[in-house]
Every structure is written in C-alpha cells, then in structure tokens.
Number of protein chains: 4
Amino acid sequence: MKYRRILDAAVEVIAERGYFHSPVNAIARRAGVADGTIYLYFKSKDEVLRAAIDMAFDQFSRQMEEAFETLRGPREQLEYIAQAHMDRHASMAIHMQREVRPFLGESSQRHLAKYIEMVREVIRRGQQEGVFRRDMSDEVVAHFMFGVMDELLSSAVFAGLEGEDMAGQVVDVLFRGIGA
Amino acid sequence: MKYRRILDAAVEVIAERGYFHSPVNAIARRAGVADGTIYLYFKSKDEVLRAAIDMAFDQFSRQMEEAFETLRGPREQLEYIAQAHMDRHASMAIHMQREVRPFLGESSQRHLAKYIEMVREVIRRGQQEGVFRRDMSDEVVAHFMFGVMDELLSSAVFAGLEGEDMAGQVVDVLFRGIGA
Amino acid sequence: MKYRRILDAAVEVIAERGYFHSPVNAIARRAGVADGTIYLYFKSKDEVLRAAIDMAFDQFSRQMEEAFETLRGPREQLEYIAQAHMDRHASMAIHMQREVRPFLGESSQRHLAKYIEMVREVIRRGQQEGVFRRDMSDEVVAHFMFGVMDELLSSAVFAGLEGEDMAGQVVDVLFRGIGA
Amino acid sequence: MKYRRILDAAVEVIAERGYFHSPVNAIARRAGVADGTIYLYFKSKDEVLRAAIDMAFDQFSRQMEEAFETLRGPREQLEYIAQAHMDRHASMAIHMQREVRPFLGESSQRHLAKYIEMVREVIRRGQQEGVFRRDMSDEVVAHFMFGVMDELLSSAVFAGLEGEDMAGQVVDVLFRGIGA
DNA sequence: TATGAATGAGACTTCATTCAT
DNA sequence: CATGAATGAAGTCTCATTCAT
C-alpha cells in the first residue's frame with residue numbers, strides 16, 4: 001500500500017540526508033510515487049515525519065508490551081529494551097526525532113515520554129523489588145538509558161563501532177551502576 | 001563586539017528553534033543588527049553555526065585542560081567533565097551539533113571526536129591505575145558518557161528536571177558501573 | 001510550450017533593459033509564468049541567457065548552412081549573412097552576447113567564433129577565387145563585418161535608422177573595400 | 001587628486017570585470033580610498049560610470065578638435081580617428097558604454113552621437129569635396145566605422161589580434177569602399 | 001486515486017549607500 | 001574631507017503545496 005511505501009521511503013531518505021535536506025520530491029521518488037500523491041495520504045511534509053516517528057514508536061511499544069508478557073524480571077526487560085533499541089532499522093525513526101524535537105512539538109515529546117515512562121516503570125519496579133538502588137531518580141535513569149542508546153546508535157554510523165556488543169556493555173554498566 | 005553578539009544570538013535562537021527553523025533575520029534581530037551585518041562577520045549562515053560550535057567546544061576544551069592540571073584523579077576528572085557539560089550556556093552549542101551532524105561534516109565530527117578522545121584518555125588511565133574495569137571498550141564508555149549528558153541536557157529543557165543534580169547522578173552511576 | 005515562451009520573453013526583456021537590469025521576475029512576468037517556473041526549465045538565470053544565445057546562434061548557423069547550398073558565390077553569401085544578421089528578432093540574442101561576453105565565458109566565445117569562422121571561410125574562398133584582395137587578414141575582415149552589423153543593429157534601435165537598407169550599404173562598402 | 005584616481009580606478013576595474021561585476025568597494029580599493037569617499041565625489045555608482053565615459057569621450061573629442069586644426073583632409077582625419085580609437089587606454093571607456101547603453105540613457109547616447117556626428121561631418125565634407133561617394137548615408141557610414149573599431153578593439157582582447165595594424169586595415173577598406 | 005507542472009512565499013546573500021566618528 | 005561599519009532593499013533560487021488533467 002502506498003501509505004506504507006511513503007513512510008518507509010521517508011525514513012530511509014531522512015535517515016540519509018536529514019529532514020531539512022530531504023525535499024518531498026526525493027521522498028516521492030524513493031517511494032515510487034508522484035509528489036502530489038504524498039498529499040493524498042498526508043496533510044503535510046511534517047505530517048509524514050510525524051507519522052513515521054509515530055509508526056516507529058508504536059511498533060517499538062508493541063514489541064515491548066508483547067515481550068514483557070513473558071519477560072518479567074527488571075533486568076531482563078531492560079536488556080530487551082536495549083537490544084531492541086540497538087536494532088538499526090527499527091530505531092532510525094526514533095533517532096530522527098532528535099533532529100526534529102524543537103519544532104515537532106508535543107507529538108515528538110509524547111513518544112519520547114512514553115519510551116521514558118516505560119523504562120521508568122521497569123526501574124521503579126526494580127527499586128520496589130530491591131533489585132535497584134532507591135537513591136536515584138527513576139526519571140533521570142530513564143533519560144540516561146535513552147541518551148546512551150541513541151548516542152551509541154548514531155555514533156556507530158560514524159565511528160565504525162558496529163562490531164561491538166554495545167547493548168550488552170550498556171546494560172552491564174547500567175546494572176552495576178544502579179544495582180542495589 | 002558584534003561578532004560575539006551574533007554568535008551568542010545564534011546559539012540562543014538555534015537552541016530554541018533548531019538550525020533550519022532559524023532564518024538569518026531571526027538571528028540578526030536577536031543580535032540587534034541588520035541582516036546584512038551578519039555577512040560582514042561570517043561568510044554564510046553555515047559559517048555562523050560552525051563558528052558557534054567551534055567556540056563552544058574550544059572553550060570547553062580549554063576549560064578541561066586548565067582544570068586537569070590540578071585535578072589528577074580519573075574520578076575527579078570525569079566529575080568535572082560532567083559538571084561542565086551540564087552548564088547550560090556552555091553546552092548549548094555542543095548540543096546543537098546533534099541536529100546538524102549529517103551536513104556539517106568533518107568540522108562537527110572533529111569536535112565530537114576531541115571530546116570523546118578526552119574522555120577515553122581519562123578512562124584508559126583509570127583502567128591502568130586499576131580504578132576502572134578493563135573489560136570494557138573505552139570508546140563505548142566515552143560515547144556512553146557523552147550520550148547521557150547530552151540527552152539529560154536536552155531533556156532538562158522539556159522535562160523540567162532542572163532541579164536535580166544530574167551530573168552527580170550520572171557520575172555516580174557511571175562509577176559504580178565501570179569501577180573495578 | 002513554456003520553455004520557448006520563457007526564452008522569448010528573456011530575449012525581449014533583456015534586449016530592452018540589459019541582462020543585469022532584468023530580474024528573473026520581470027522575465028517571468030513577461031512570459032506569463034511564475035518566477036519559480038523558470039527554474040523548472042533552466043538551472044539558473046545565466047542558463048536562460050546562455051540558452052537564448054545558443055538558440056539564436058544555432059538558428060542563425062542553420063539558416064546559413066541551408067542557404068549556402070544554393071548560394072555559392074562569396075558575394076552572394078556575404079550579402080545573405082548581412083541580410084540575416086539585420087533581421088531584428090533573430091539577431092537580438094546575438095547582440096546580447098556583447099553585454100555579457102566578459103562573464104559568459106567560453107560558451108559565448110564559441111558562438112561568436114563560429115560566426116567569425118563562417119565569414120572567414122567565405123572571405124578566404126573569395127580570395128582564392130581572386131574576387132577579394134589578398135593583402136588583408138581574413139580574421140580582421142570577419143570581425144570587421146560582425147562589428148559593423150552589430151553596431152548598426154543596436155544603433156538602429158536608438159537612432160531610427162530603421163528605414164534604410166543598411167545591410168545593402170554595408171555589403172556595398174565592404175565589397176568595394178575588399179574587392180580585388 | 002582623488003576625483004581622478006577614482007575615475008581611473010573605475011575604468012580599470014570595469015574594463016576587467018564589467019560594470020555589474022564591479023562592486024563599489026572594488027573600485028574604492030583600486031583607487032586606494034574608502035568606499036564612502038567615492039560618494040563625496042560622485043552621487044552614485046552610475047554617476048562614476050557616467051563621469052568616466054564623459055571624461056573619455058571629452059578627451060577624445062578634444063584630441064580630435066586639436067588635431068583637426070592641422071589635419072585638414074578627410075582621409076587624414078578618418079585615419080587619425082581610427083588610430084586614436086584604437087589606442088587601448090583612451091578607448092576602454094568608450095567601449096564600456098556598450099555594456100551599459102540600455103540603462104545609461106541619454107548621457108551615453110549623447111556621447112556616441114557626438115562621436116558619430118564628428119565622423120559624419122568628415123564624411124559629408126569628403127562627399128562635397130568629391131573624395132567620397134555620394135550614394136551613401138553618412139550616418140550609416142559613421143556607425144559603420146564606429147562598429148568596426150569597437151568590435152576589433154574588444155575582440156583584440158580575446159582573439160589575440162594585438163599584433164596587426166588594425167586601424168590601418170580598417171581605414172584602407174573604408175576608403176576603397178567609400179571612395180569616389 | 002494518481003500525476004507532476006506550476007505556483008509563490010520565503011530563504012540566503014549581495015552590495016549601493018549612509019552616517020557617526 | 002575621509003573613513004568603513006552598518007544598513008536594508010532587492011535579487012536569485014528552493015521547495016512545500018495545489019490543482020487541472
């Protein structure tokens with residue numbers, strides 16, 4: 001379906017060139033549709049971006065919720081989040097909201113907030129279960145986690161860190177750091 | 001001096017609205033100069049951004065080098081870096097390179113690389129001195145640190161975390177996480 | 001087709017006001033299109049000028065080549081060139097390259113060179129056939145001819161010489177002047 | 001005196017780069033004065049150009065009038081005009097009016113008209129004296145002469161015709177062409 | 001639905017001109 | 001008289017968006 005083709009093309013093109021260097025016609029070309037067609041499915045270019053980010057986060061959320069039904073321990077859950085975040089394709093759109101936070105407004109905030117909230121819950125439960133230290137703000141820890149993952153992800157592109165098991169190292173440091 | 005006024009205005013405006021939503025005339029207005037005046041001091045809009053980032057990183061580097069002459073322990077040094085990074089004004093420009101990494105090219109890379117290298121050295125020395133674990137890539141840890149700081153910084157604006165001693169918490173977690 | 005409308009409008013406007021006093025929006029208005037439309041057909045304003053000049057010279061060349069198949073005598077050929085050059089519409093674009101020679105670079109040179117070369121051949125053949133004097137540089141004579149025609153053309157606009165058979169007089173003088 | 005320095009600088013710079021590619025500050029730099037100084041002597045950039053052209057033509061006219069007091073024959077006079085026109089420095093400003101005719105308006109016209117008138121008189125007198133043919137418009141002949149000279153002059157720069165005695169050839173052709 | 005030529009607002013930049021020193 | 005930093009109008013060009021087909 002074209003709706004999806006456009007979204008995927010947008011993610012690809014924007015990931016390569018950045019949002020503001022990605023003219024609508026470039027997205028259209030990549031999607032194999034005419035420029036005007038995009039406006040049959042989306043109200044504006046911003047809307048395409050918004051939808052792409054929405055899609056990525058929603059998918060991410062769903063993936064987590066599903067996994068958490070069988071993965072119950074805080075440690076396992078954090079590990080899973082890190083692993084999933086590191087998966088390049090899924091997270092490219094998540095990463096995109098960086099470039100775009102200043103003007104995408106509450107939509108962008110909302111998704112990030114949801115990601116953060118998800119992590120906070122894991123942390124809080126870990127704290128209740130006595131697995132994690134209690135002397136730390138769960139909010140700070142959650143941003144902490146998101147920040148590391150996102151930076152490693154984007155640096156990987158430039159710095160050639162692709163080989164390393166980054167998610168593993170991150171979780172390892174984090175656990176020691178916040179473990180009780 | 002106008003040069004400085006323009007640079008400061010640019011950092012302010014871009015921090016608020018993002019580089020690509022910051023027309024030159026907005027920067028000019030904020031700086032209290034005419035549009036054309038900017039081009040007496042900078043060759044192009046890109047050049048303003050580049051100069052702002054250069055300035056911020058250079059200042060940051062100098063501050064570190066100075067401080068490290070009396071602060072010798074890896075722990076103290078990391079703490080100092082975190083503290084300095086968290087200082088809003090100084091780091092806003094550092095943060096800006098995020099939005100802009102894809103097209104600012106090597107200039108942007110170089111600065112980040114220098115920051116990373118600085119942290120890596122601290123880590124490596126800590127590993128040699130037996131203060132830090134040896135089973136981790138110092139490069140990953142350095143990006144780790146940068147990522148956390150930058151995310152916390154940018155989230156602070158939105159999430160109202162301003163009160164918390166974020167730098168302190170970061171360093172605390174990091175030390176436990178990578179301590180030997 | 002818009003491509004042609006724009007080219008014609010450009011020639012008209014530039015002929016009236018000069019290239020550098022012809023903002024793109026004036027050309028667009030004359031062509032009855034929006035400013036941006038011009039950039040669908042031409043990469044830049046310079047490109048419009050270049051294309052206009054190209055078109056005029058090409059048309060001129062083709063016209064000559066065609067005519068020369070039946071017009072074999074040097075005298076007839078020169079007469080034909082003069083006549084064609086004098087035709088206002090066709091030659092306006094040829095005239096334009098004057099204003100613009102310094103910065104249109106080799107494209108402009110090339111066309112003029114071709115015109116000159118065409119005349120030189122006629123002259124040289126005339127010299128071989130003994131119709132023209134041999135003690136003159138054919139290159140000088142060719143520029144000679146081009147210069148006269150172009151000046152008469154541009155003066156005609158201002159000086160109201162429109163009525164006179166200028167081409168005829170020119171060729172007459174030229175023949176007596178260079179005739180053997 | 002600065003007035004003169006500015007005028008000379010203007011002619012030099014404009015001859016090299018064309019009027020519209022000659023920013024005022026380039027003329028100022030060449031003249032060794034500040035930008036603003038130019039406006040103490042001239043009302044506008046156009047005025048500088050106008051004055052430069054005025055100066056060149058006036059000088060040219062004076063030179064002719066002077067010479068014509070001893071040079072009485074039509075042939076000698078035409079020869080002298082051609083020779084003087086060909087002198088590079090003197091004629092550069094004359095040549096400049098080409099680029100600029102469309103918008104310099106009557107001032108430019110007037111000078112050219114004067115040049116033309118001067119030649120026409122020579123021609124007319126030649127016709128009366130029976131030296132020149134009577135079946136030609138003296139106006140056409142005058143433009144004829146101006147056009148050739150100007151083209152040869154400007155082509156010389158590009159085509160490397162510098163060596164040839166162009167003025168001589170021109171006059172030679174012209175005489176045969178219009179001689180009785 | 002789909003197209004893509006056309007639009008025009010708005011961005012960046014240049015440069016003639018002014019004016020406080 | 002002289003300076004040159006500053007101004008801002010105007011120019012070129014891009015690109016999100018529309019609409020006739």
Discussion item. So does B:A31 get a backbone contact from the side chain of B:R5, meaning a donor-acceptor N/O pair under 3.5 Å?
Written reply: yes
Worksheet item: In dot-bracket notation, what is the pairing pattern of DNA chain F, taking Watson-Crick (N1-N3 plus N6-O4 or O6-N4) and G-U wobble (N1-O2 and O6-N3) contacts under 3.5 Å, with [ ] crossing and | for other strands?
Response: .||||||||||||||||||||
Fill in: 5'-most by nearest nucleotide on DNA chain F - C:G36 or B:K2
B:K2
Practice prompt. Return the minimal non-hydrogen interatomic distance between A:I27 and A:S22, and the atom names on each side.
Written response: CD1-O, 4.3 Å
Response to the item:
Residues C:A15 and C:M96: closest non-hydrogen pair is N-SD, 4.5 Å
Practice prompt. Calculate the interatomic distance between C:K45 atom NZ and F:dT14 atom C1'; express it in whole Å.
Written response: 18 Å
Worksheet entry | Whole angstrom value for the distance that separates P of F:dA2 from CZ of D:F42 | 12 Å
Fill in: Under 4.0 angstrom between B:T37 side-chain N/O and F:dT7 OP1 or OP2
yes
Discussion item. In whole Å, I'd like the distance from the CZ atom of D:R5 to the P atom of F:dC1.
Written reply: 14 Å
Fill in: Integer-rounded Å distance: F:dA16 P and A:H21 NE2
11 Å
Worksheet item: Quick one: on DNA chain E, does A:V33 or D:D35 contact a more 5' nucleotide (nearest heavy atom)?
Response: A:V33
Worksheet, complete the sentence: Whole-Å distance, C:K43 NZ to F:dT14 C1', equals 15 Å
Practice prompt. Scan B:Y41 against the nucleic acid and name what it touches under 4.0 Å (heavy atoms): base, sugar-phosphate only, or nothing.
Written response: sugar-phosphate
Discussion item. What range of DNA chain E does chain D touch, first nucleotide to last, counting atoms under 4.0 Å from its heavy atoms?
Written reply: E:dA16 to E:dT18
Worksheet entry | Nearest heavy atoms of D:D35 and D:A28, plus distance in Å | OD1-CB, 3.6 Å
Discussion item. Between C:F57 and C:R110, is the side chain to side chain contact (heavy atoms under 4.5 Å, CB included) condition met? List the steps.
Written reply: CA-CA 10 Å; C:F57 270 100; C:R110 207 180 53 238; over 6 Å; no
Worksheet item: Is the distance between the ring centroids of A:F60 and A:H111 less than 6.0 Å?
Response: no
Worksheet item: Does the side chain to side chain contact (heavy atoms under 4.5 Å, CB included) test come out yes or no for C:L7 and C:V11, once each step is laid out?
Response: CA-CA 6 Å; C:L7 234 37; C:V11 172; 5.7 Å; no
Worksheet item: Picking from F:dA2, F:dC13, F:dG11, which would you name as closest to the side chain of C:Y39?
Response: F:dC13
Item to complete: Identify, between C:L40 and C:P23, the residue whose nearest nucleotide on DNA chain F lies closer to the 5' end.
Response: C:P23
Worksheet item: So, B:Y41 side chain and B:V48 main chain: donor-acceptor pair closer than 3.5 Å or not?
Response: no
Worksheet item: Within this structure, what is the CZ-to-C1' distance between B:R29 and F:dT7, rounded to whole angstrom?
Response: 15 Å
Worksheet item: Using 30° and 60° as the class limits, which term best fits the ring planes of C:Y3 and C:F42: parallel, tilted or perpendicular?
Response: parallel
